[in-house]
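Every number for a ligand or one of its atoms is a count from 1 in the order of the listing.
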Amino acid sequence: MAEDTPDLRHLPKPDAYAQLAEAVDAVLAGVDDPVAAMATVSCLVHHAFGHLWTGFYRVVEPDRLLRVGPYQGTLGCLEIAFGKGVCGTAAAERRTVVVEDVHAFPGHIACDARSRSEIVVPVTDRSGALIAVFDVDSERPATFDDDDRRGLERLLTRFAR
Ligand code: SME
């Protein structure tokens, strides 16, 4: 395989996300497999920015339960109920949630005590059904902004194609 795992921290975020989208497309060309796609997206996003934890929680019981999927980082919580924590909130409300300070988010679930800020993006399939959320955690406060929201939401549209 010719693709590498780039570190994109030297780039402005919109450029980094554009490169990431190209890298994901190149790695997954011709492969229609959501698990392979989740693993690839987790790996490339994690290493592009040097995040603390990057990965998917899959919907295993619609409107009730998320279970961990492909990820990079330290051990993640196994299951999260809809409505609980940042992931469960994003799943229940089907919207991206950006948290500048996890200590100020009521009900935040701390899988890794080093986590300080977080973004969680809903993932839908081509029928529009929620299949997962994508969770990225950082050791630094206020890591994520509108550029991350836009970049990640666009990257994750591949699950709806
Ligand atoms: N912080 C998340 C839980 C998942 S992990 O941090 C990997 C939350 O509150 O949803």
Per-atom contacts, ligand 1 versus Cys87 - under 4.0 Å to a heavy atom
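Contacts of ligand 1 toward Cys87, numbered from 1: 8 (C), 10 (O).
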
Could you tell me, atom by atom, which parts of ligand 1 come under 4.0 Å of a heavy atom of Glu118?
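Heavy-atom distances to Glu118 below 4.0 Å select 1 (N), 2 (C), 8 (C), 10 (O).
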
Determine yes or no for a side-chain-to-main-chain donor-acceptor pair under 3.5 angstrom, with Asp148 supplying the side chain and Asp145 the backbone.
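Indeed, once roles are kept as given, a pair shorter than 3.5 Å links the two residues.
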
Main chain of Pro70, side chain of Ser42: is a donor-acceptor contact present, judged purely on distance under 3.5 Å?
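Checked: pair present.
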
Which residue owns the protein heavy atom closest to [atom], what's the atom, and how far is it?
atom: atom 6 (O) of ligand 1; result: Asp137 OD2, 2.7 Å
atom: atom 8 (C) of ligand 1; result: Val86 N, 3.4 Å
atom: atom 5 (S) of ligand 1; result: Cys111 SG, 3.1 Å
atom: atom 4 (C) of ligand 1; result: Asp135 OD2, 3.4 Å

Does any N or O atom in Tyr57 lie less than 3.5 angstrom from one in ligand 1, N or O only?
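It does not: no N or O of Tyr57 is found under 3.5 Å from an N or O of ligand 1.
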
Can you check whether His108 has an N/O within less than 3.5 Å of an N/O in ligand 1?
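Right, the criterion is met.
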
Check the orientation of Tyr17 and Phe49. Use parallel for under 30°, tilted for 30 to 60°, and perpendicular for over 60°.
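Answer is tilted, since the angle falls between 30° and 60°.
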
Less than 4.5 Å apart, side chain to side chain, heavy atoms only: is that true for Tyr71 and Thr54?
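Sidechains of Thr54 and Tyr71: no contact.
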
Nearest heavy atom to atom 1 (N) of ligand 1: which of Leu66, Thr74, Ile109 does it belong to?
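The nearest heavy atom belongs to Ile109.
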
With a 4.0 Å cut-off on N to O distance, would you call Arg67 and Glu79 a salt bridge?
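Answer for the salt bridge query: yes.
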
Below 4.0 angstrom, N of the basic side chain to O of the carboxylate: do Asp32 and Arg158 qualify?
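The answer is no: the pair does not qualify as a salt bridge.
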
Which of these passes side chain to side chain contact (heavy atoms under 4.5 Å, CB included) with Asp137: Ser115, Cys111, Ser117?
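Among Ser115, Cys111, Ser117, the one meeting side chain to side chain contact (heavy atoms under 4.5 Å, CB included) with Asp137 is Ser115.
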
